[in-house]
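A short worksheet on the structure shown next.
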Amino acid sequence: MPIALLRRPDPDHLEVAHAGETFRVCLRRRPAARRLTLRVSQATGEVILTLPSRTAIPTAQRFAESHGGWIAARLARVPAKVPFAPGAVLPLRGVPHRIEQRGLRSGATRIERVGEEAVISVSCETDFVARRVRDWLQREVRADLAVAVARYAAALGQGPTRITVRDTRSRWGSCTARGELNFSWRLILAPPLVLDYLVAHEMAHLREMNHSPRFWALVGEICPNVDEAEGWLKRNGASLHRYG
């Protein structure tokens, strides 16, 4: 009988104790993996241990425990979460804005100025502030995406069949073989040139479904901010996942 059939189902996580703290380590078994690997997501703070098909769970436990200090150090570098709550400050198109609750009665969410400060003004019961802010940000990013897509569609002579906004973790945008574009709503938190570049990147895939020299030449032809946007995302992209 194959070994895989005799083995008990894997737990979904392990627990690792270090210096008085206990860390949750998620398990991912990958047939293609050749060795145990450990990583900490800077976007979510999730600790993930990948193991080959034949690695026993006790071996994985010992490996994780031997890296307790490394896990603690990496988690210490993960940016603290910023909830969508009154008083919180978040970037809107790269500019800091404070969330302010102006009343408990339901009303439109809008941008206001309070002295020298930019404010996202929300009127609703406190329990609904986070949802109101998130919904408003998604409407804002959809509007910005629509403008950018229309501009690049005119430049390329073709447009997408559909535009979807999600809370993706592994990528900021994607293009399917059917011509559907998907984007992270968190692009509304980045400077406008970043959203503009991501739209140019995914729109270019409508013509070149690859990352060949021809693809990059096309992106550079239609978008003037490739290097600046790529650099910004490399330095700051993970921090956008701390909000909300």
What heavy-atom pair brings [X] and [Y] nearest, and what distance separates the two atoms?
X    : Y    : result
Y152 : I222 : CE2-O, 3.3 Å
L27  : P11  : CD1-O, 3.4 Å
L49  : A60  : CD2-O, 3.7 Å
A118 : R113 : CB-NH1, 3.5 Å

Check the orientation of H205 and H211. Use parallel for under 30°, tilted for 30 to 60°, and perpendicular for over 60°. perpendicular
Could you check E117, E116, E112 and say which one makes a salt bridge (Lys or Arg N to Asp or Glu O under 4.0 Å) with R98?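 Exactly one pass, corresponding to E117.
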H201 and F215: side-chain contact (heavy atoms from CB on, under 4.5 Å), yes or no, with the steps? CA-CA 9 Å; H201 184 115; F215 166 82; 3.6 Å; yes
Run the side-chain contact (heavy atoms from CB on, under 4.5 Å) check on V194 and L233 step by step: do they pass? CA-CA 8 Å; V194 175; L233 283 169; 3.7 Å; yes
Rounded at 0.5 Å granularity, tell me how far [atom1] in [X] sits from [atom2] in [Y].
X    : Y    : atom1 : atom2 : result
D144 : F183 : CG    : CZ    : 12.0 Å
L240 : I188 : CG    : CD1   : 11.0 Å
E208 : L218 : CD    : CG    : 7.0 Å

Can you check side-chain contact (heavy atoms from CB on, under 4.5 Å) on V141 and V165, steps first, answer last? CA-CA 8 Å; V141 79; V165 173; 4.0 Å; yes
Give a yes-or-no answer on whether the side chains of R132 and S123 include a donor-acceptor pair shorter than 3.5 Å. no
In chain order, what residues pass the side chain to side chain contact (heavy atoms under 4.5 Å, CB included) check against D167, with sequence neighbours excluded?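 Partners of D167 under the side chain to side chain contact (heavy atoms under 4.5 Å, CB included) test: R134, R169, W185, R186.
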Can you give each donor-acceptor pair under 3.5 Å made by side-chain atoms of residues 66-90, sequence neighbours left out, with the distance rounded to 0.1 Å?
residue : atom : partner : partner atom : Å
S66     : OG   : F63     : O            : 2.6
H67     : ND1  : F63     : O            : 2.8
K81     : NZ   : H241    : O            : 3.0

Residue of the set P192, P191, C223, P224 for which side-chain contact (heavy atoms from CB on, under 4.5 Å) holds with Y197: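 It is C223; the other options fail the test.
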Would you please name every residue forming a side-chain hydrogen bond (donor to acceptor under 3.5 Å, both in side chains) with [X], sequence neighbours left out?
X    : answer
E65  : Q61
T161 : none
R142 : none

Can E46 and R28 be counted as an ion pair, charged N to O under 4.0 angstrom?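 Yes.
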Ion pair E140/R93, N-O distance below 4.0 Å: yes
Under 3.5 Å donor-acceptor pairs involving side-chain atoms of residues 30-37, not counting sequence neighbours:
none

Taking it one step at a time, do R102 and E100 satisfy salt bridge (Lys or Arg N to Asp or Glu O under 4.0 Å)? CA-CA 6 Å; R102 68 177 185 272; E100 182 174 275; over 6 Å; no
Check the pair E180, T164 against side-chain hydrogen bond (donor to acceptor under 3.5 Å, both in side chains), reporting the backbone distance first and the verdict last. CA-CA 8 Å; E180 300 170 339; T164 303; over 6 Å; no
For the side chain of R24 and the backbone of V47, is there at least one donor-acceptor N/O pair under 3.5 Å apart?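 It does not hold such a pair.
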H97 (side chain) donor-acceptor with V95 (main chain) under 3.5 angstrom: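 Flag set: sc H97 to bb V95 pair under 3.5 Å.
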Show your working on side-chain contact (heavy atoms from CB on, under 4.5 Å) between V25 and L38 and close with a plain yes or no. CA-CA 9 Å; V25 179; L38 192 62; 4.1 Å; yes
Heavy atoms from other residues, nucleotides or ligands near CG of D12 exceed 12 (cutoff 6.0 Å): yes
